[in-house]
Amino acid sequence: FGARRISGALVVEVLYGESLQKPEYRVGDHIKKLLPMQRQLSPYVRVAWAAQEQAMFTSVKQTDCGQVVFRERLMFPLPEGSTVDAMRGKALSFEVYSRAGIRAAVQGGDPKIGSANLPLGDEELCQGPGKLKNLCLLRDGKRKGQLMIRVCLEVTEDARVECSPSGTPFLKGKPTFALAEAGFLERQEEGV
């Protein structure tokens with residue numbers, strides 16, 4: 001089944017961040033201490049997938065307590081001819097930044113709060129809501145918060161990718177000639 005070509009999207013739901021720490025210190029940050037309104041974090045998440053060169057971003061949120069709700073759904077279209085086998089092990093990278101406004105132009109971009117990677121496995125390569133994942137955000141080897149996410153496939157063909165109770169992906173839906181020919185289906189009429 002893993003070699004079966006599918007089309008659709010890899011769906012990444014960025015749900016919320018917890019215990020987000022201050023972003024990395026950069027030259028000129030001592031000036032922001034003079035401005036009372038600069039004490040808030042303005043976090044956003046950059047998500048990149050190793051199978052594609054593009055990255056996607058959540059919107060910027062405001063928080064002064066390190067807790068932030070994103071509830072955003074990012075969809076990476078699957079490359080032409082994608083297979084589950086080819087996607088397995090390719091990592092999603094999550095980088096959480098704090099929007100710095102005009103200072104970002106002077107300092108070379110927004111300061112990073114932390115980052116995490118998630119190699120895609122069987123749990124993430126199933127169709128459906130996906131399991132909740134708690135990612136530990138790190139910067140310089142130290143914990144800088146947590147990011148709650150969900151990842152799944154959204155397949156746009158007749159065949160759907162679902163998970164067995166053990167978490168192993170399998171195809172369900174109308175059988176196709178390619179599946180029957182490859183020996184994945186004993187009888188085309190069953191539709192299993």
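As the structure is a computational prediction, the values presented were derived from the model and not from experiment.
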- Task: Could I get the full list of side chain to side chain contact (heavy atoms under 4.5 Å, CB included) partners for K90, not counting sequence neighbours?
- Result: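 K90 satisfies side chain to side chain contact (heavy atoms under 4.5 Å, CB included) with W49, A50, A51 once adjacent residues are dropped.
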
- Hphob cluster co-occupancy, L118 + V84, side-chain heavy atoms under 4.5 angstrom: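 Yes; V84 is reachable from L118 via cluster members.
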
- Query: When clusters are formed by joining ILVMFWY residues with side-chain heavy atoms under 4.5 Å apart, either directly or through shared neighbours, do M56 and V12 land in the same one?
  - Reply: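 Same hydrophobic cluster.
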
- Message: Check whether T83 reaches the backbone of R5 with its side chain - one donor and one acceptor, N or O, closer than 3.5 Å.
- Response: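 Pair absent, no side-chain N/O of T83 close to backbone of R5.
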
- Between S42 and V60, is there a donor-acceptor pair closer than 3.5 Å when you use the side chain of the first and the backbone of the second?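 No; judged by distance alone, with no hydrogens or angles, the pair does not exist.
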
Kindly give the heavy-atom pair with the smallest separation between [X] and [Y], and that separation in Å.
X	Y	answer
R139	K22	NH1-O, 3.2 Å
Y97	K112	CD2-CA, 3.7 Å
N117	S93	OD1-CB, 3.1 Å
P23	P111	CB-CB, 3.6 Å
N134	Q146	ND2-OE1, 2.9 Å
E13	P129	OE2-O, 4.0 Å

Would you compute the distance between atom [atom1] of [X] and atom [atom2] of [Y] and round it to the nearest 0.5 angstrom?
X	Y	atom1	atom2	result
S98	K61	OG	NZ	14.0 Å
E154	F76	CD	CZ	14.0 Å
L153	I6	CG	CD1	5.0 Å

Within-4.5 Å side-chain heavy-atom neighbours: [X] and [Y]:
X	Y	answer
L138	R143	yes
Q67	V69	no
V96	L147	yes
L10	L120	yes
V11	R73	yes
V155	L78	no
K133	V151	no
P77	M75	no

- Would you check, one step at a time, whether the test side chain to side chain contact (heavy atoms under 4.5 Å, CB included) holds for L41 with V68? CA-CA 9 Å; L41 285 178; V68 63; over 6 Å; no

- Over-ring placement of R99 relative to Y44, 6.0 Å and 45° cut-offs: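 Yes, R99 sits over the ring of Y44.
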
- Task: Begin with the C-alpha distance, continue with both residues' side-chain angles, and end with the deciding distance and a verdict on side chain to side chain contact (heavy atoms under 4.5 Å, CB included) for L92 and I149.
- Result: CA-CA 11 Å; L92 283 167; I149 61 146; 5.6 Å; no

- More than 12 heavy atoms of other residues, nucleotides or ligands under 6.0 Å from CD of Q54: is that the case?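 Enclosed: over 12 neighbouring heavy atoms sit under 6.0 Å from CD of Q54.
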
- Query: Would you find more than 12 non-hydrogen atoms of other residues, nucleotides or ligands less than 6.0 Å from E80 atom CD?
  - Reply: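 No, CD of E80 has 12 or fewer neighbouring heavy atoms, counting only those of other groups under 6.0 Å.
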
- Query: Taking it one step at a time, do M87 and L125 satisfy side chain to side chain contact (heavy atoms under 4.5 Å, CB included)?
  - Reply: CA-CA 8 Å; M87 290 184 281; L125 296 174; 4.1 Å; yes

